[in-house]
Amino acid sequence: MTVARPAESVNAVIKAYDIRGVVGEQLDADFVRDTGSAFARLMRAEGARRIVIGHDMRASSPELVDAFAAGVVAQGLDVVRIGLASTDQLYFASGTLDCPGAMFTASHNPARYNGIKLCRARALPVGQDTGLATIAEELVTGVPGYDGAPGTTTETDLLGDYAVFLRDLVELDGIRPLTVAVDAGNGMGGHTVPAVLGALSQVTIVPLYFELDGSFPNHEANPLDPANLVDLQKLVRDSGADIGLAFDGDADRCFVVDEQGDPVSPSAITALVAERELAEEPGATIIHNLITSRSVPELVTELGGTPVRSRVGHSFIKQLMADTGAVFGGEHSAHYYFRDFWGADSGMLAALHVLSALGEDKRPVSELMAAYTGYAASGEINSTVADAAGRTGAVLDAFAGRAVAVDRLDGVTVQLPDDAWFNLRASNTEPLLRLNVEARCPEEVDALVTEILRIVRA
């Protein structure tokens, strides 16, 4: 039996979708070893016999992986270590090896953070309701020991297999030559992009910040923040590249900028990939979260597909992918999910689809993507609030006379006249309210944002 821990300290680290905290303060080797034991117990009870582990480039990752692996083998399960990996490379390993997985990363968080993304065999998600709460409970009460023989540890390199697998999913033969500027943000894109895109004779890579460095010396590895796209935008313009790609720290998300250096909405990328998938499988189901542009379900419906709306968050979308047999799913945060990738998300696979579409078309990215952009949007705007429920109620009161409809699938989504809408939802982990607004024109978006934030931040 491991040592019991205060519930407050455990719950501060085990989030809704993963495990994440400050190394040395909230996460240390002892905590991670016990987490490995608890996860192994959970997976052993479900019939698993081995767990695959990968990690990002953070300085703390190797020590934490050693600790987690020790906890797993102490519970009698074998460990397969794949070393440096992107998160979607870990999902590939879980899928091809048909075993649960653990990816050590804190994604786009600063260097002092690290964490663990867990999945079942074939990349099925592990969230609060599907295992993380059980793990947290055992860390609080103490993880029972195991009387049987310990497991073994082996190492394998799956990067090449991962690259071939992704390229085989997308038709790239015959595309025109493309110059592609890529900002890896000193994250795992510097590991996977050369392996995947470097083998394409039609693609010339213009690299930026490919050196693996978990201190992130150039900028945060979070392309969702426009400030972190500035260097890529300049590189695209200066190099004359056809397109720019930016990956986050663990390279499971991919953002696109056009040939002019302007960001392309992830909703537009979702629509483009959805159209390609529906061309291959007419009538298929496409998942979109409730923050993506309404242009996505409109296009899917127009093309004869079935759009299904989801809450924000990978565990919800992955579950819907499995429940509905959806061929593809997209989020406003640039997570893209593929049935052919075990329903998991892969920014690299989305990037291949975009390059294929661009390479089959003579138009530049800006013109190609114009067809998928029918609305103006605010992007996600965060406000720190002490009373999220009270502020949300105040906003609903203010719009009571104008709301066409209100739903509470995730926070509150208010439909307004003339195709405008906004969503206001509370963060699961911080005292924040997140606002997203969409309307027919930028002026209407700006007016709604100003009005709503005046109430939220009062």
Side-chain angles (χ1 to χ4, degrees), residues 166-167 169-185 189 193 196-210 223-224 226-248 253-280 292-293 295-296 298-300 302-303 328 330 332 334 336 346-377 379 438 440-442:
L166 290 187
R167 289 195 300 266
L169 291 177
V170 182
E171 180 56 57
L172 294 158
D173 293 337
I175 65 171
R176 63 184 172 92
L178 296 173
T179 299
V180 183
V182 182
D183 183 352
V193 169
V196 179
L197 302 186
L200 299 173
S201 60
Q202 312 94 317
V203 171
T204 299
I205 300 173
V206 184
L208 183 66
Y209 309 143
F210 271 39
L224 192 60
N228 298 322
L229 289 176
V230 171
D231 292 350
L232 176 63
Q233 292 171 302
K234 183 178 186 300
L235 179 62
V236 168
R237 297 184 189 111
D238 292 349
S239 67
D242 296 292
I243 189 172
L245 305 176
F247 291 88
D248 67 345
R253 291 187 294 156
C254 179
F255 291 74
V256 177
V257 302
D258 67 21
E259 80 287 353
Q260 300 171 22
D262 294 326
V264 176
S265 163
S267 289
I269 300 299
T270 297
L272 179 146
V273 178
E275 182 175 51
R276 289 172 56 86
E277 294 286 10
L278 287 169
E280 293 294 320
T292 54
S293 170
S295 62
V296 173
E298 287 176 352
L299 176 70
V300 170
E302 179 184 332
L303 295 174
F328 172 67
H332 71 296
Y336 305 106
S346 172
M348 187 68 73
L349 184 49
L352 289 174
H353 274 283
V354 173
L355 295 181
S356 177
L358 179 61
E360 293 169 353
D361 199 296
K362 295 181 180 180
R363 294 172 295 172
V365 180
S366 58
E367 294 182 20
L368 175 68
M369 299 309 302
Y372 304 102
T373 310
Y375 298 88
E438 183 172 81
R440 283 291 182 183
C441 64

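The model shown is predicted, which means the values in this text are computed figures rather than measured ones.
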Closest heavy-atom pair and its distance - Ala271, Tyr372: CB-CD2, 3.7 Å
Residue pair Met348 / Cys254, side-chain heavy-atom distance below 4.5 Å: no
Worked check of side-chain contact (heavy atoms from CB on, under 4.5 Å) between Leu197 and Leu352: CA-CA 8 Å; Leu197 302 186; Leu352 289 174; 3.6 Å; yes
Contact check, side chains of Tyr336 and His353, non-hydrogen atoms, under 4.5 Å: no
Taking every non-hydrogen atom, the tightest pair across Asp183 and Gly185: OD1-N, 2.8 Å
Side chain Arg237, main chain Gln260, donor-acceptor under 3.5 Å: yes
Euclidean distance, Glu277 CD relative to Leu303 CG, rounded to 0.5 Å: 12.5 Å
Heavy-atom side-chain proximity of Pro223 to Asn228 below 4.5 angstrom: no
Ser267 side chain vs Thr292 backbone, donor-acceptor pair below 3.5 Å: no
Gap between atom CD of Glu302 and atom CD of Glu275 - 0.5 Å precision: 8.5 Å
Passing candidate, side-chain contact (heavy atoms from CB on, under 4.5 Å) with Phe255, options Leu224, Leu245, Leu232: Leu224
Sole residue of Ile243, Val203, Asp242 in side-chain contact (heavy atoms from CB on, under 4.5 Å) with Thr179: Asp242
Test item: Thr270 side-chain N/O and Pro266 main-chain N/O as donor-acceptor pair under 3.5 Å: yes
Interatomic distance, Ser293 atom OG to Glu298 atom CD [nearest 0.5 angstrom]: 7.0 Å
Rounded distance [0.5 Å steps], NZ in Lys234 versus OG in Ser239: 10.0 Å
Residue pair Ser295 / Tyr375: nearest heavy atoms and the distance that separates them: N-CE1, 3.8 Å
Positive for side-chain contact (heavy atoms from CB on, under 4.5 Å) with Val365, one of Val236, Val264, Val257: Val264
Taking every non-hydrogen atom, the tightest pair across Gln233 and Asp262: NE2-CA, 4.5 Å
Step-by-step side-chain contact (heavy atoms from CB on, under 4.5 Å) determination, Glu280 to Phe328: CA-CA 12 Å; Glu280 293 294 320; Phe328 172 67; over 6 Å; no
Where Ala274 and Val300 come nearest, the two heavy atoms and their spacing: CB-CG2, 4.2 Å
Validation row: Leu368, Asp258 side chains within 4.5 angstrom (heavy atoms): no
Pairwise distance CZ(Arg176) to CG(Asp361) - rounded to 0.5 angstrom: 7.0 Å
Atom of Gly347, atom of Phe247 and distance for their closest heavy-atom approach: C-CE2, 4.2 Å
Check: Glu171 side chain, Ser356 main-chain N or O, donor-acceptor pair, under 3.5 Å: no
Residue pair Leu299, Leu278: steps toward the side-chain contact (heavy atoms from CB on, under 4.5 Å) verdict: CA-CA 10 Å; Leu299 176 70; Leu278 287 169; over 6 Å; no
Within 6.0 Å of CD in Gln202, more than 12 heavy atoms from elsewhere: yes
side-chain contact (heavy atoms from CB on, under 4.5 Å) evaluation trace for Val170 with Arg276: CA-CA 10 Å; Val170 182; Arg276 289 172 56 86; 3.8 Å; yes
